[in-house]
Amino acid sequence: MSYAMKDQPTVDILLTYLQDFGVSVWQPNMISPGEDFVEAIQNSIRTADFVIMIVSTAALNSQWFQMESKYIASIREFSDRSITVIPVLLDDVELPDPLRHIAYLDCRGDPREAMRRLASQVLSTVLIDFSRLTGHQFENLVGDLLQDFGMRIERDVRLHDMHIDFRAYFQTHDVFGTPIEEIWLINVNHHLNDRVSASKSADLEIKSRPFRKNNTYFALISSGHLTSVARNILQESNIRVIEDVDLKRILCNRPHLVRQYFGTQSL
């Protein structure tokens, strides 16, 4: 957990909730006298499930917080190592560059209620274990998540020689308020011990080409991880990739789905 010392009273509320539920939390004030500060931070990140960044005016003015935030400049590195980075916004400031492209938790307002909600979401996400789900159950989870986004879905669609797990329709508007419909063609991967390879990604990229046009988009949702080469192939082709850590972060804000599929309870 990274924060400015001026935010210690708010952080103490969160620590109380987390520690009451058996979640071990490392903080910079745990560094022993004489221990190398930078090395201690790096070691804590390597062994963490979550990195919680408490972002506030005080934090952005803190030299130590700025130094710590630089360690998450490569967000994809954290994703590869199954570390979930959670920015927590305490007041009206802009997220620093390393955190700008990560969905944050808005905890402005009542600090106690905000910290209780954050602790509940962290606890639920810690307990998410995709290996407990069969392939069919994981696909059902993705389908329920898409519907929770407001999408209308069709399952097991065949487009020429390509199988699509979901064809999803999403109603939105252009900048002038005119209704438009996005079509998402989504494949699901639930091979926890088999990372999506470059060859599989290249095959998906080639097969998707005829269907990529205005208002039609492709996505791959995986319970595991992709190799870095596989991820680059898909991202360069504008195919949206949602991996293990990204999916957990999304589910973090949908405790009803966490309870339904993993049986965890809110605080």
Side-chain angles (χ1 to χ4, degrees), residues 1-31 37-38 40-129 243-255 258 264 266-267:
M1 183 180 296
S2 177
Y3 58 92
M5 293 306 298
K6 288 184 178 180
D7 295 321
Q8 186 72 55
T10 301
V11 171
D12 286 342
I13 298 172
L14 175 59
L15 288 173
T16 299
Y17 282 124
L18 291 175
Q19 291 170 349
D20 283 349
F21 281 83
V23 177
S24 176
V25 181
W26 185 93
Q27 310 169 68
N29 60 16
M30 291 177 158
I31 297 174
F37 190 88
V38 174
I41 292 175
Q42 291 175 332
N43 288 336
S44 71
I45 290 175
R46 292 191 194 103
T47 59
D49 293 310
F50 290 84
V51 176
I52 299 178
M53 307 291 293
I54 307 295
V55 184
S56 66
T57 301
L60 295 183
N61 290 326
S62 165
Q63 176 185 356
W64 296 116
F65 180 89
Q66 291 176 18
M67 184 189 70
E68 291 162 6
S69 69
K70 290 180 181 179
Y71 289 113
I72 56 175
S74 178
I75 301 305
R76 185 50 58 193
E77 178 186 353
F78 284 87
S79 181
D80 286 345
R81 287 154 52 194
S82 297
I83 300 174
T84 301
V85 181
I86 304 180
V88 179
L89 195 61
L90 285 192
D91 47 39
D92 296 324
V93 294
E94 289 189 6
L95 293 173
D97 286 338
L99 306 177
R100 194 155 293 166
H101 301 294
I102 306 178
Y104 64 88
L105 295 178
D106 190 343
C107 290
R108 292 170 289 187
D110 182 354
R112 183 168 295 276
E113 172 57 24
M115 292 301 102
R116 186 205 66 78
R117 180 164 49 88
L118 172 59
S120 177
Q121 292 171 326
V122 169
L123 180 63
S124 293
T125 309
V126 166
L127 297 176
I128 292 174
D129 181 2
E243 301 175 71
D244 167 89
V245 171
D246 305 312
L247 187 56
K248 286 182 178 180
R249 189 180 295 122
I250 293 170
L251 289 171
C252 183
N253 291 311
R254 289 167 174 80
V258 176
T264 61
S266 296
L267 296 179

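The first residue in the sequence is number 1, and the count goes up from there. The analysis underlying the following values was restricted to heavy atoms, covering all of them including side chains, and did not include hydrogens, waters or symmetry mates. This structure is a prediction, so every number in the text was calculated from the model and none was measured.
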Could you list the residues that satisfy side chain to side chain donor-acceptor pair (under 3.5 Å) with [X], not counting sequence neighbours?
| X | result |
| --- | --- |
| R254 | D148 |
| D106 | R108 |
| S56 | D7 |

If I take atom [atom1] from residue [X] and atom [atom2] from residue [Y], how far apart are they, to the nearest 0.5 angstrom?
| X | Y | atom1 | atom2 | value |
| --- | --- | --- | --- | --- |
| I13 | Q8 | CD1 | CD | 11.0 Å |
| K248 | D129 | NZ | CG | 7.0 Å |
| T57 | D92 | OG1 | CG | 8.0 Å |

Using the test salt bridge (charged side-chain N to carboxylate O under 4.0 Å, His left out), find all partners of D91 that sit at least two apart in sequence or belong to another chain.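 Per chain and number, D91 pairs via salt bridge (charged side-chain N to carboxylate O under 4.0 Å, His left out) with no residue.
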Can you check whether [X] reaches [Y] side chain to side chain, under 4.5 Å on heavy atoms?
| X | Y | value |
| --- | --- | --- |
| L14 | M1 | yes |
| S2 | V51 | no |
| T10 | I54 | no |

Shortest non-hydrogen separation from A4 to S62 and the atoms involved: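 Result for this residue pair: CB-CB, 4.3 Å.
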For L251 against V258, the heavy-atom pair lying closest together: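 Shortest heavy-atom separation between L251 and V258 comes out as O-CG2, 3.6 Å.
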